[in-house]
Amino acid sequence: MTPSAWWSSYVKSPAAFRTALLRWHAKAGRSLPWRDCPDPYAVWVSEVMLQQTQVATVVSYYRRFLDKYPDVSSLANADEAELLRLWEGLGYYRRARMMQKSAQAIVAQFHGMLPADAETLASLPGFGRYTANAVLTFSQQQRLPILEANTKRLWSRLCGLEIPADSSAAQRELWRIAEAALPAKSAGKFNQALMDLGATVCTARSPNCPKCPMRSYCRAFAHGTPERFPPAKPKRTAVAVEHAAIVIESGERLLLTQRPAEAIWGNLWEFPRVEMLEGENAEVAAKRAAADRIFGRVVAIREIGVIRHAVMHYRIRLHGFRAMLKGQKSRILDERTRWVDRSDLEKMPLSSPQRGLASLFFLDCSNSKRI
Ligand code: SF4
């Protein structure tokens with residue numbers, strides 16, 4: 001029996017299934033600032049932030065973001081550096097840049113109003129099926145299915161799917177199930193209930209089946225080992241990399257480089273940095289980072305600390321150095337590099353490891369004023 005057939009035949013009473021879920025949600029659902037919000041823009045902001053980021057972290061960013069950019073046109077006209085600075089700490093900065101691109105398209109093509117049609121919305125930069133459906137079902141109760149990490153896991157268990165939830169076969173079945181399960185009215189509330197159950201009861205490592213309102217409908221529970229569902233896909237092994245970066249001072253100015261738009265940490269600023277070559281000494285690598293960006297005498301180099309950071313499947317160790325530019329003869333070699341007054345550093349968008357390096361630098365300055 002396919003999982004789709006399961007939905008109509010195995011659940012003796014789909015109506016009772018929905019009622020049990022909604023009753024549980026009325027008592028135990030999460031209270032979040034973007035819940036029951038009729039403004040599609042605000043829901044969109046929350047959904048983009050929640051991609052790859054924990055709810056607890058998102059709450060304060062969400063409020064700050066809406067204070068500064070309360071509607072589509074304010075986001076469309078935002079200064080990119082200020083936008084990225086506000087995003088700093090959430091990571092995956094491409095999300096913010098894509099949001100701004102979409103906001104500009106919405107202003108240009110839809111008079112600043114998010115389209116209420118899921119297909120049109122899904123075609124905008126950074127949207128896709130999940131985000132478009134989530135925005136419209138949560139803000140307008142449109143009868144649209146949603147599927148993200150929590151609901152994938154939940155449906156996989158309820159249906160006893162024995163294939164990794166990210167495989168294309170599972171994706172197809174899960175979307176069909178999520179659609180078949182929707183009630184005729186208040187689909188947004190039903191979708192929120194599914195997400196909350198997945199996030200708080202049917203958790204990845206330890207599903208709390210004794211407290212679950214859907215126990216009697218659940219195939220994985222009947223099986224006896226619910227945490228085995230869905231089967232895990234083989235993990236990509238983390239790659240360890242060593243980077244070296246150098247804070248170069250010239251009076252009150254510091255040398256910074258802007259990252260290419262399409263690279264990781266796109267359009268953020270950083271101190272000159274290189275990935276260390278095999279067998280290369282960190283200080284030699286730091287000098288190489290300096291020599292790639294500036295022609296001049298960089299002296300008094302010394303290490304100020306090491307930052308550890310994980311991003312995507314990389315485990316990065318960043319060796320931080322501090323140095324001074326000596327003499328007047330210098331030339332910047334790269335058009336994305338420039339001198340920045342150290343008092344402006346606070347306003348510049350930096351990646352987390354680079355912000356950590358800036359803190360090490362200021363700590364070192366306060367401990368020993370001169371190199
Ligand atoms: Fe998840 Fe257990 Fe509930 Fe099934 S019974 S949905 S496995 S928490």
Side-chain angles (χ1 to χ4, degrees), residues 33-34 37 39-54 57-114 124-127 131 135 245 247 252-273 293 307 309 311 332 334-359 361-362:
W34 47 86
C37 172
D39 177 5
Y41 170 73
V43 175
W44 174 36
V45 171
S46 72
E47 283 301 327
V48 174
M49 287 186 170
L50 286 165
Q51 293 162 12
Q52 321 277 352
T53 311
Q54 302 279 331
T57 309
V58 166
V59 172
S60 60
Y61 279 91
Y62 170 80
R63 292 200 168 110
R64 279 200 301 275
F65 195 96
L66 287 185
D67 280 348
K68 190 153 173 78
Y69 308 116
D71 51 31
V72 174
S73 67
S74 55
L75 174 59
N77 296 320
D79 173 78
E80 194 194 56
E82 283 181 24
L83 172 65
L84 294 175
R85 180 68 182 97
L86 193 69
W87 202 266
E88 205 178 293
L90 277 176
Y92 298 94
Y93 296 85
R94 191 169 176 274
R95 293 180 291 175
R97 293 200 313 275
M98 283 301 194
M99 266 188 100
Q100 187 173 37
K101 254 191 173 177
S102 268
Q104 287 161 350
I106 292 166
V107 167
Q109 296 168 38
F110 305 104
H111 311 289
M113 309 289 287
L114 270 80
L124 292 170
F127 266 90
T131 307
V135 166
V247 183
E252 284 302 300
R253 300 176 310 162
L254 305 171
L255 195 69
L256 274 109
T257 294
Q258 190 175 30
R259 306 264 310 139
E262 293 316 316
I264 184 173
W265 297 312
N267 281 0
L268 269 62
W269 291 83
E270 63 180 15
F271 299 106
R273 174 182 63 89
R293 306 299 183 335
I307 307 270
H309 185 73
V311 60
I332 288 176
D334 166 345
E335 59 179 17
R336 296 180 74 86
T337 299
R338 70 177 197 221
W339 290 107
V340 172
D341 197 280
R342 67 164 72 193
S343 61
D344 287 338
L345 198 58
E346 184 54 31
K347 288 185 259 162
M348 312 275 298
L350 309 181
S351 66
S352 294
Q354 288 281 327
R355 184 65 67 193
L357 178 55
S359 302
F361 167 71
F362 286 118

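A quick note: this is a predicted structure, and the numbers were derived from the prediction, not measured. Computed from heavy atoms alone, side chains included, the values below leave out hydrogens, waters and symmetry copies.
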Report summary line: Here the gap from N77 atom CG to L83 atom CG, rounded to the nearest 0.5 Å, amounts to 12.0 Å

Query raised in the report: Nearest 0.5 Å, what's the CD1-CG distance between I106 and D71?
Result: 11.5 Å

Report summary line: Rounded to the nearest 0.5 angstrom, the CH2-CZ distance for W87 and R94 is 12.5 Å

Report summary line: Nearest heavy-atom approach of P40 to L114 is O-CD2, 4.1 Å

Requested in this report: Return the minimal non-hydrogen interatomic distance between A76 and V107, and the atom names on each side.
Outcome: CB-CG2, 3.8 Å

Query raised in the report: P125: what forms a side-chain contact (heavy atoms from CB on, under 4.5 Å) with it, not counting sequence neighbours?
Result: M98, K101, S102

Query - Side chains of V45 and M99 in contact at under 4.5 Å (non-hydrogen atoms) - result: yes

Report task. Scan D341, L345, V340 and name whichever one has a side-chain contact (heavy atoms from CB on, under 4.5 Å) with S343. Result -> D341

Query raised in the report: Rounded to the nearest 0.5 Å, how far apart are CZ of F271 and CG of L256?
Result: 5.0 Å

Requested in this report: Flag the pair T257 / W269 as yes when at least one side-chain heavy-atom distance between them is below 4.5 Å, and no otherwise.
Outcome: no

Query raised in the report: Distance from Q354 atom CD to L268 atom CG, nearest 0.5 Å?
Result: 9.5 Å

Report task. Can you sort out the partners of R97 under side-chain hydrogen bond (donor to acceptor under 3.5 Å, both in side chains), two or more places apart, ordered by chain and number? Result -> none

Requested in this report: Give every residue pair that meets the salt bridge (Lys or Arg N to Asp or Glu O under 4.0 Å) criterion with at least one member in residues 76-92, sequence neighbours excluded.
Outcome: K68-E82, R85-E88, R85-E346, E88-R355

Query raised in the report: Who passes side-chain contact (heavy atoms from CB on, under 4.5 Å) against Q109, sequence neighbours left out?
Result: A105

Query raised in the report: Considering only heavy atoms from C-beta outward, does the side chain of L255 approach that of P272 to under 4.5 Å?
Result: yes

Query raised in the report: Which atoms form the tightest heavy-atom contact between N267 and Q258, and what is the distance?
Result: O-NE2, 3.0 Å

Requested in this report: With sequence neighbours left out, write down each residue that passes side-chain contact (heavy atoms from CB on, under 4.5 Å) with D67, or none if nothing qualifies.
Outcome: none

**Report entry** Smallest separation among heavy atoms of W265 and P353, with atom names
**Finding:** CZ2-CG, 3.9 Å

Query raised in the report: Can you name the ring-ring contact (aromatic ring centres under 6.0 Å, His included) partners of F127, sequence neighbours left out?
Result: W44

Query raised in the report: Listed by chain and number, what are the side-chain hydrogen bond (donor to acceptor under 3.5 Å, both in side chains) partners of E270, not counting sequence neighbours?
Result: R273

Report summary line: Across all chains, not counting sequence neighbours, the side-chain hydrogen bond (donor to acceptor under 3.5 Å, both in side chains) partners of T53 are R95

Requested in this report: Return the minimal non-hydrogen interatomic distance between G356 and I307, and the atom names on each side.
Outcome: C-CD1, 3.5 Å

Report summary line: Residue set satisfying ring-ring contact (aromatic ring centres under 6.0 Å, His included) with Y69, at least two apart, ordered chain then number -> F65

Report task. Sequence neighbours left out, what passes side-chain hydrogen bond (donor to acceptor under 3.5 Å, both in side chains) with S352? Give chain and number order. Result -> none

Requested in this report: Report the distance from atom CE of M113 to atom OG of S73, rounding to the nearest 0.5 Å.
Outcome: 11.0 Å

Requested in this report: Can you sort out the partners of I264 under side-chain contact (heavy atoms from CB on, under 4.5 Å), two or more places apart, ordered by chain and number?
Outcome: R259, V311, M312

Query raised in the report: Around atom CZ of R342, are there more than 12 heavy atoms of other residues, nucleotides or ligands at under 6.0 Å?
Result: yes

**Report entry** Residues which pass ring-ring contact (aromatic ring centres under 6.0 Å, His included) with W34, listed by chain and number, not counting sequence neighbours
**Finding:** Y62

Query raised in the report: Nearest heavy-atom pair of P33 and V59: which atoms, and what distance?
Result: CG-CG1, 4.0 Å

